[in-house]
Amino acid sequence: MTGPPSLLALSMILSAAVLHATWNAIIKGSADRALAMGLLNLGHTALGLVLVLLYAPPAAEAWPFIIASTFIHFFYYGFLLWAYRHGDLSQVYPIARGIAPVLVALGAQVFADEFLPPIAWAGILLVSFGISVLFFGRRHNAASAQAISAAVLTGIAIASYSIVDGLGVRASQSPLGYIGWLFLLECIPGVFFIVYRRKHLSGIQTKILTIGIGGGLLSAVAYGLAIYAKSLTSLGTVSAIRESSVIIAALIGVIWFKERPWKLRMLAAMIVAGGVVLLAVGG
């Protein structure tokens with residue numbers, strides 16, 4: 001489980017990174033992020049229902065992990081919206097996603113007895129450093145204290161549910177059944193956000209509805225791939241390689257949102273790419 005990730009696992013994690021960056025761009029570009037998040041959760045629920053009907057339910061040992069992950073995800077979505085409210089994508093996302101790999105690796109050592117070799121640790125640190133460059137290299141328009149606090153809390157939530165789901169999917173005896181029930185329970189935060197923004201539902205456009213639910217399906221597939229990959233390779237490796245989504249998001253920002261400076265983002269991309277190579281070799 002702690003050897004180098006297979007080509008299948010690596011492909012799944014990188015695909016998850018692309019999809020993850022895409023749905024975050026959708027949320028960031030939405031005029032009503034809370035409503036978009038609620039619709040996104042309903043997209044999770046739809047895919048979860050399909051998986052629940054098609055695959056065996058997870059073993060009893062996995063249910064505490066499913067409940068814990070659902071609880072953590074509720075706070076994750078709240079912290080993420082709070083962070084986006086006070087900071088932009090290139091400020092918040094690098095902090096939140098950058099601290100997660102190291103926290104996951106530390107947690108995996110404590111809870112899963114996964115002791116990564118030095119080269120893998122170097123890869124994790126390099127990925128985290130490259131992601132941090134995207135934020136700390138910005139000398140202007142610094143994120144507010146609230147944005148930084150929310151981003152850090154988001155990162156802690158990411159690390160927490162990553163460890164919980166990594167352990168849960170291994171105990172489930174039915175990875176796709178585990179993913180299905182986890183997504184089905186996304187209806188809880190989904191209903192919460194939609195009820196919270198219920199006054200705006202009457203004027204919602206079909207385009208926004210389609211984009212929101214479509215983004216949810218993208219997000220669900222992204223996290224489903226990441227969870228399944230955790231049954232194939234180590235938790236720290238999955239988390240760190242998945243953080244390449246920050247670089248993809250930066251490229252989307254340059255092209256879609258016309259964000260600058262592009263040179264800093266390219267430098268960070270090369271640093272993170274080096275970390276991914278180290279993880280692929282030594283993870």
Identify the heavy atoms of [X] and [Y] that sit nearest to each other, and give their distance.
X: Ser30; Y: Arg33; value: O-CG, 3.8 Å
X: Gly168; Y: Ala62; value: O-CB, 3.7 Å
X: Ile26; Y: Gly215; value: CD1-CA, 4.0 Å
X: Phe183; Y: Ala220; value: CZ-O, 2.9 Å
X: Ala157; Y: Ile72; value: O-CG2, 3.6 Å
X: Gly224; Y: Ile179; value: O-CD1, 3.4 Å

In terms of ring plane angle, is the pair [X] and [Y] parallel, tilted or perpendicular, where the classes change at 30° and 60°?
X: Trp23; Y: His20; value: perpendicular
X: Tyr77; Y: His44; value: tilted
X: Phe79; Y: Phe75; value: tilted

With rounding to the nearest 0.5 Å, note down the distance linking [atom1] in [X] to [atom2] in [Y].
X: Thr45; Y: Leu40; atom1: OG1; atom2: CG; answer: 10.0 Å
X: Leu35; Y: Arg198; atom1: CG; atom2: CZ; answer: 12.5 Å
X: Ile99; Y: Leu153; atom1: CD1; atom2: CG; answer: 8.5 Å
X: Phe129; Y: Ile271; atom1: CZ; atom2: CD1; answer: 5.0 Å

Mind checking whether [X] and [Y] have side chains closer than 4.5 Å, heavy atoms only?
X: Tyr178; Y: Asp165; result: yes
X: Tyr93; Y: Ser245; result: yes
X: Ile227; Y: Leu182; result: yes
X: Leu10; Y: Thr233; result: no

Could you name each residue pair satisfying ring pair (Phe, Tyr, Trp, His ring centres under 6.0 Å) that touches residues 146-176, not counting sequence neighbours?
->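 Residue pairs with at least one partner in residues 146-176: His73-Tyr161, Tyr76-Tyr161, Tyr161-Tyr223.
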
Between [X] and [Y], is there a shared hydrophobic cluster once you connect ILVMFWY residues whose side-chain heavy atoms come closer than 4.5 Å?
X: Ile247; Y: Leu14; result: yes
X: Ile248; Y: Trp256; result: yes
X: Met37; Y: Tyr196; result: no
X: Leu217; Y: Leu184; result: yes

Backbone of Phe65 reached by a side-chain donor or acceptor of Ser69 within 3.5 Å =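 Side chain of Ser69 to backbone of Phe65, a donor-acceptor pair under 3.5 Å: no, none is there.
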
Leu8: what forms a side chain to side chain contact (heavy atoms under 4.5 Å, CB included) with it, not counting sequence neighbours?
->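 Here the qualifying residues are Ser6, Met12, Leu232.
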
Which side-chain N or O atoms in residues 46-59 pair as donor and acceptor under 3.5 Å with protein atoms at least two apart or in another chain?
none

Listed once per pair and sorted, the salt bridge (charged side-chain N to carboxylate O under 4.0 Å, His left out) pairs that draw on residues 95-108, sequence neighbours left out |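 Passing the test, one end in residues 95-108: Arg97-Glu243.
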
Do other residues, nucleotides or ligands put more than 12 heavy atoms under 6.0 Å from the CZ atom of Phe257?
->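 More than 12 heavy atoms, drawn from other residues, nucleotides or ligands, come within 6.0 Å of this atom.
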
Please say whether more than 12 non-hydrogen atoms of neighbouring residues, nucleotides or ligands are located less than 6.0 Å from CH2 in Trp181.
->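 No - once you tally the heavy atoms of other residues, nucleotides and ligands closer than 6.0 Å, there are 12 at most.
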
With a cutoff of under 4.5 Å between side-chain heavy atoms, which Ile, Leu, Val, Met, Phe, Trp and Tyr residues group with Val191?
->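 Members alongside Val191: Val195.
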
Partner set under side chain to side chain donor-acceptor pair (under 3.5 Å) for Arg197, not counting sequence neighbours |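 Expected list: Asp32, His200.
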
side-chain contact (heavy atoms from CB on, under 4.5 Å) evaluation trace for Ile194 with Leu42 | CA-CA 10 Å; Ile194 289 174; Leu42 292 185; 3.3 Å; yes

